Amino acid sequence: MLKGETAIVTGSTSGIGLGIAQALAAAGAHVMLNGLGEKEAIEKIRTELARQYGIKTGYSAADMSKPTEVRTLIADAERQLGAVGVLVNNAGIQHVAAVEEFPDEKWDAIMAINLAAAFHAIKAALPGMKRRQWGRIINIASAHGLVASAGKAAYVAAKHGLVGLTKVVAIETANTGVTCNAICPGWVYTPMVQQQVQARAQATGMTIEQAKEELLREKQPMLRFTTPEEIGGLAVFLCGEGAVTMTGACVSVDGGWTAQ
């Protein structure tokens, strides 16, 4: 379905981003990876995607907190893989603290990576998409782009901002062949969440399964994690013909979290 298109997925060396990158590669897209990790592990991911799906792949270590490096990421993808047709803004970080105790530098970093980076990437990729009269922009927001939780002021503010940015871009591009949508996941079983579960189990004496259920029960009626692969499947759908008039949408994949 996406054969010959170039896709950029930020924060794609693990977790949700990697699940999306794999799904787009399986749909035929050339994929530019971006994110943190050991050099050897990232190279293994890159080469395996290329081998398994017969596509071109690239990797950029661009720091998403720096606008110049975000713009360079877009330019590098176009130079190495071809005109960018799919942009997935997934990179994100988290910090938990009460507002009055929230470190200024953590606020600034979360805003830069979780929100501003998406703006700069969209701004850089959009002219080419408009010229080609086709593009798919997918912003990975969160249930926290729609509702709040204590202790997550910066993350919630940034994700709400990302949902707002999604809507503005959708309106501005409504008749250009470009769509812009947000995916709002609840609990996704990523390596980071797995660490939280293990820490909870160790601290409470619970089994891993008990710790998983307790974590889920705090927010979700459905006591099941979403997988990165399922988020990837949704991203591919948003790039396809079945979603051609979907734009400005915030698609919840949260086990009923925001339905309450």
Side-chain angles (χ1 to χ4, degrees), residues 10-11 14-20 35-36 64-65 88-119 138-168 181-228 230-231 234 248-260:
T10 67
S14 67
I16 292 174
L18 179 55
I20 293 171
L36 304 175
M64 301 308 290
S65 70
V88 182
N89 291 302
N90 169 74
I93 59 172
Q94 174 65 288
H95 183 79
V96 179
V99 170
E100 67 271 22
E101 299 167 357
F102 212 97
D104 292 351
E105 65 275 13
K106 292 294 186 181
W107 172 275
D108 292 342
I110 289 170
M111 286 296 165
I113 294 172
N114 295 24
L115 178 56
F119 163 76
I138 302 171
N139 296 321
I140 307 304
S142 168
H144 282 122
L146 304 171
V147 297
S149 291
K152 299 182 179 181
Y155 189 83
V156 170
K159 293 300 187 179
H160 272 67
L162 190 57
V163 166
L165 176 63
T166 298
K167 294 177 180 180
V168 171
N181 293 289
I183 297 176
C184 298
W187 285 116
V188 181
Y189 205 61
T190 61
M192 182 173 67
V193 172
Q194 186 177 7
Q195 290 174 5
Q196 293 180 44
V197 169
Q198 291 171 342
R200 182 179 291 231
Q202 290 172 0
T204 61
M206 294 179 180
T207 66
I208 291 294
E209 289 306 311
Q210 288 171 331
K212 283 182 179 180
E213 181 172 332
E214 185 182 80
L215 184 68
L216 287 165
R217 197 178 293 279
E218 289 177 359
K219 298 293 185 181
Q220 292 188 189
M222 184 182 289
L223 301 179
R224 179 190 180 282
F225 286 95
T226 304
T227 67
E230 288 162 350
I231 301 296
L234 177 54
C250 301
V251 186
S252 293
V253 191
D254 64 7
W257 181 335
T258 57
Q260 301 176 94

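Hydrogens, waters and symmetry mates are skipped; everything else that's a heavy atom, side chains included, is used. Quick caveat, the model's predicted, so the values are computed rather than measured. Numbers here simply count residues along the sequence, with the first being 1.
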[X] side, atom [atom1]; [Y] side, atom [atom2] - distance, nearest 0.5 Å:
X: Glu218; Y: Leu216; atom1: CD; atom2: CG; answer: 9.0 Å
X: Asn114; Y: Gln94; atom1: CG; atom2: CD; answer: 8.0 Å
X: Ser252; Y: Leu146; atom1: OG; atom2: CG; answer: 5.0 Å
X: Met206; Y: Leu215; atom1: CE; atom2: CG; answer: 10.0 Å
X: Lys159; Y: Ile110; atom1: NZ; atom2: CD1; answer: 10.0 Å
X: Ile20; Y: Ile140; atom1: CD1; atom2: CD1; answer: 3.5 Å

ask   = Taking only residues at least two apart or on different chains, which pairs with a member in residues 192-221 satisfy ring-ring contact (aromatic ring centres under 6.0 Å, His included)?
value = none
ask   = Out of Ile231, Thr226, Val251, which one pairs with Pro185 under the side chain to side chain contact (heavy atoms under 4.5 Å, CB included) rule?
value = Ile231
ask   = With Phe225, which residues qualify under ring-ring contact (aromatic ring centres under 6.0 Å, His included), at least two apart?
value = Tyr189
Do you know the tightest heavy-atom contact between [X] and [Y]?
X: Cys184; Y: Val163; answer: SG-CG2, 4.4 Å
X: Met111; Y: Ala154; answer: CE-O, 3.7 Å
X: His144; Y: Ser149; answer: NE2-OG, 2.6 Å
X: Val99; Y: Ala153; answer: CG2-CB, 3.9 Å
X: Thr166; Y: Ala249; answer: CG2-O, 4.3 Å
X: Lys167; Y: Gly248; answer: CG-O, 4.0 Å

Only counting residues at least two apart or in another chain, list the ones meeting side-chain hydrogen bond (donor to acceptor under 3.5 Å, both in side chains) with [X].
X: Arg224; result: Glu230
X: Gln198; result: none
X: Gln210; result: Thr207

Test item: [X] side-chain N/O and [Y] main-chain N/O as donor-acceptor pair under 3.5 Å:
X: Asn181; Y: Ile138; answer: no
X: Ser65; Y: Ile113; answer: no
X: Gln220; Y: Gly186; answer: no
X: Asn139; Y: Ala182; answer: no
X: Glu214; Y: Ala211; answer: no

ask   = Crowded around Leu36 CG? As in, over 12 foreign heavy atoms under 6.0 Å?
value = no
key: Any Pro228 side-chain heavy atom under 4.5 Å of Val188 side chain   = yes
note = Sorted by chain and number, sequence neighbours left out, side-chain contact (heavy atoms from CB on, under 4.5 Å) with Lys106 holds for His95, Phe102, Pro103
